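One structure is given here, and the rest of the page talks about it.
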Number of protein chains: 2
Amino acid sequence: MRARPKIKDVATLAGVSTATVSRALSTPESVGLATREKVMEAVKATGYRINAAARDLRMRRARSILILAPNLSNTFFSRIFAAVQEEASAAGLTVQISDSRIGRERLLSLGYDGRADGIVLLDGSLDPEVVNGWQLPLIQLSEWNDAYDAPRLGIDNRAAAGLAVRHLAALGHRKVLHVSGPGDNVLALTRQQGFSGTAAESGIAPVVFPGDFTMEAGAGAARRWAKLSDRPTAAFCASDECALGFISECVHMGFSVPGDVSVVGFDDIDFADRFLPSLTTIRQPREAMGRLAAERVIAMMGAPAKEPRSRPAPPIHVAAALVERASTGPAHT
Amino acid sequence: MRARPKIKDVATLAGVSTATVSRALSTPESVGLATREKVMEAVKATGYRINAAARDLRMRRARSILILAPNLSNTFFSRIFAAVQEEASAAGLTVQISDSRIGRERLLSLGYDGRADGIVLLDGSLDPEVVNGWQLPLIQLSEWNDAYDAPRLGIDNRAAAGLAVRHLAALGHRKVLHVSGPGDNVLALTRQQGFSGTAAESGIAPVVFPGDFTMEAGAGAARRWAKLSDRPTAAFCASDECALGFISECVHMGFSVPGDVSVVGFDDIDFADRFLPSLTTIRQPREAMGRLAAERVIAMMGAPAKEPRSRPAPPIHVAAALVERASTGPAHT
DNA sequence: GGCGCCTCTGCAATCGATTACAACGCGATT
DNA sequence: AATCGCGTTGTAATCGATTGCAGAGGCGCC
């Protein structure tokens, strides 16, 4: 009662061998009906649960997937986590989670200790040597890094940024600010490229401020924007948080949104449509992204390990969309 | 190169036994200097990493803690996850995470398969039989259930609600609405008690609407509030999300906050101070809560399993505080 | 009645680590 | 010179499951 029952206890109680118990549990059809019932009864009676460590060791797999993200407390990630976990759980897998900025050694171990047999990676800034060193099914989600030898999933950030710019162009804006993310972040870069490219096509004068996706960065950008002599009439922020920070600071400074400045965000986090004004933004289907990534990695876990791919697979793009809300309006010259 | 090196490979390369390798890795001081160096070299050369399953099996512990929460995508939890993970990682532990609403069987297994050796539980609505059946160090965080035989950590919700009410009382409000959470939720109940109790003491007429902590619930409550003939001049919502929904809907209906109605939230989520108007709320020190819970459960993991406690330990309370911002103002009669 | 086949079950090896115990080498002590 | 003791190392058992192989038994068919 005190100690956890092991398979031996169940076997003894049911009057069979441990092999039979194991089979009754994993492949019931391979065991006689009467025996199976005896075993199940014994399992119930003892409250037996398989010891994961023993099984993992023997089977050389852990039935677990690992999620790595650069910042666990980020609102954008949480819904992805939930979707991955849900999908994993449905497949009978457990989920490990870790910040991806825990240091090279720890990180290496995580993907290498046999505890996980698949990885969903949300960080494109890790050492490719480390990432490629894990010999595990892995999928890059949202962020990516061309040096990683793994398939990737996410929206087309360049095109998505284009949607935002064209929306502003259509409203008559001719000078637009882009508040970007960290210079070494692949998402920030790609969105900025999309911004610049589309701005050029649309005859929009681009202005770019650096940022880091946070509300603080947005607020800072707003203060800097306010000081400009010839202020852009619209701002496209690289994240919703940044956009909310921007708007909030603008309002505190006495400007009106979208009266004085239209603002577009990126992500469509949960608060976007309850903010005041509600935020025009680019929706990333986070739930679907998480679900697809999980499905994908689970599928890879099932298949025999693919050997080094000859050429990188093209990214799998899920659809992003512009969500028009109240934070954008016509340019008032 | 292809297959993962095992301890045997390292031993062979270093010309020692596996026992020595194991010792060199876990208790270096028990191994001769020369040998230790040879081993370390071999470890580096082979890229050896301990196989977690094998070690877990032998040591009967997994160096891992499990976080269970009723909703992984909730903004309130994410920062707690981050803090727990950080603390765990610093202690050399990995983190498993799961939604706690995955069904009795799966849930039972999670705490019983030897994969985790400590649990941080954020859900007070699970079957006590299941929870008490896990024979693992466990701490209840935020939510709780008196039927769980485990220590608990969190703020004093009753008192915290009192802070909100007294704040409104001090501003001259005499009729206050409380938008509560689910009727079966211990946090909702306790906060509601705090609300009612303090309202009575402060000569405030209480009105209570049911809710469920979400923005939608807040918005719904706002619509219902608007229809009241003698409208409360203030609302105390059981969560920040609810409060934001409430405010947002009020503004959409043409009311001003705090002009027509003051609003207090609960939690102090990240967006609270950037919302427009910024949200007066009760701060829960989520980071500290996560950190403390982790510390606590890690400590329990170290100590020999305490046998069934004679009487329930009193809850450990961390300090909640009122954060005054712009969503509350004097009652305008 | 004998043979073969099929179904069900058990024996025992195995997964890859940790660790109790014993053995060994070697200098110090008597 | 024998003994003691200490620090180091190896041998082998062990953790708790899974599974290849072989044996037992039952059944049908000739």
Side-chain angles (χ1 to χ4, degrees), chain A residues 2-40 42-43 46-64 92 94 109 112-117 135, chain B residues 2-40 42-43 46-64 92 94 109 112-117 135:
Chain A
R2 197 100 299 278
R4 305 224 156 138
K6 28 183 152 184
I7 200 170
K8 188 88 195 303
D9 302 322
V10 179
T12 307
L13 183 61
V16 297
S17 73
T18 61
T20 300
V21 175
S22 174
R23 279 188 285 251
L25 258 29
S26 56
T27 52
E29 70 282 4
S30 73
V31 165
L33 183 60
T35 316
R36 195 191 315 167
E37 280 173 350
K38 267 192 309 183
V39 171
M40 292 313 184
V43 166
T46 52
Y48 170 74
R49 301 272 147 177
I50 292 179
N51 177 307
R55 189 188 45 190
D56 291 354
L57 173 59
R58 177 61 222 239
M59 304 192 63
R60 294 138 150 282
R61 53 176 299 193
R63 297 161 179 280
S64 171
T94 59
S109 286
Y112 215 85
D113 68 359
R115 272 262 185 63
D117 29 38
Q135 294 163 30
Chain B
R2 195 101 299 280
R4 307 226 154 139
K6 27 182 151 184
I7 198 169
K8 189 85 193 305
D9 302 322
V10 178
T12 306
L13 183 60
V16 299
S17 74
T18 62
T20 301
V21 175
S22 174
R23 278 187 289 249
L25 258 30
S26 56
T27 52
E29 68 281 5
S30 73
V31 165
L33 182 61
T35 316
R36 195 193 314 167
E37 280 173 350
K38 267 191 307 184
V39 171
M40 290 316 184
V43 166
T46 53
Y48 170 74
R49 300 272 147 177
I50 291 178
N51 177 306
R55 190 189 43 191
D56 291 354
L57 174 58
R58 176 60 222 239
M59 303 192 65
R60 294 140 153 281
R61 54 177 298 195
R63 297 161 179 280
S64 171
T94 60
S109 286
Y112 215 83
D113 67 359
R115 272 262 185 62
D117 27 36
Q135 293 162 32

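Values below: every heavy atom of this structure, side chains too, minus hydrogens, waters and symmetry copies. Naming: A, B, ... by sequence-line order, numbering from 1 per chain. Keep in mind that this is a model prediction, so the values were computed, not measured.
Nearest heavy-atom pair across B/Leu57 and A/Ala54 is CD1-CB, 3.8 Å.
Residue A/Ile7 contributes atom CD1, which lies 17 Å from atom P of C/dA12 at whole-angstrom precision. Going from atom CZ of B/Arg55 over to atom C1' of C/dA17 covers 9 Å, rounded to whole Å. Taking atom CG on B/Asn51 and atom P on C/dT14, their separation rounds to 17 Å, with Å as the unit. Taking atom CZ on A/Arg58 and atom P on C/dA17, their separation rounds to 16 Å, with Å as the unit. For the pair B/Arg23 CZ and C/dA17 P, the interatomic distance rounds to 15 Å; values are reported in whole Å.
Nearer the 5' end of DNA chain D, as judged by each residue's closest nucleotide, is the contact made by B/Leu33, out of B/Met59 and B/Leu33. Nearest-nucleotide assignment on DNA chain C puts the 5′-proximal partner with A/Glu29, out of A/Glu29 and A/Ala54.
Heavy atoms of A/Val31 sit under 4.0 angstrom from primed sugar atoms or phosphate atoms, though from no base atom. Looking at heavy-atom distances under 4.0 Å, A/Ser22 makes contact with a base.
Not counting sequence neighbours, A/Ser26 has no partner by the side-chain hydrogen bond (donor to acceptor under 3.5 Å, both in side chains) test. With sequence neighbours excluded, no residue forms a salt bridge (charged side-chain N to carboxylate O under 4.0 Å, His left out) with B/Arg55.
Note that the first and last nucleotides of DNA chain D, 5' to 3', having any atom under 4.0 angstrom from a heavy atom of chain A are D/dG16 to D/dG20.
Here the straight-line distance linking atom CZ of B/Arg23 with atom OG of B/Ser17 works out to 6.0 Å at 0.5 Å rounding. In this structure, the separation between CD1 on B/Ile50 and CZ on A/Arg115 is 11.0 Å, given to the nearest 0.5 Å.
Remark: the backbone N or O of B/Arg49 is not paired with any side-chain donor or acceptor of B/Arg4 at under 3.5 angstrom.
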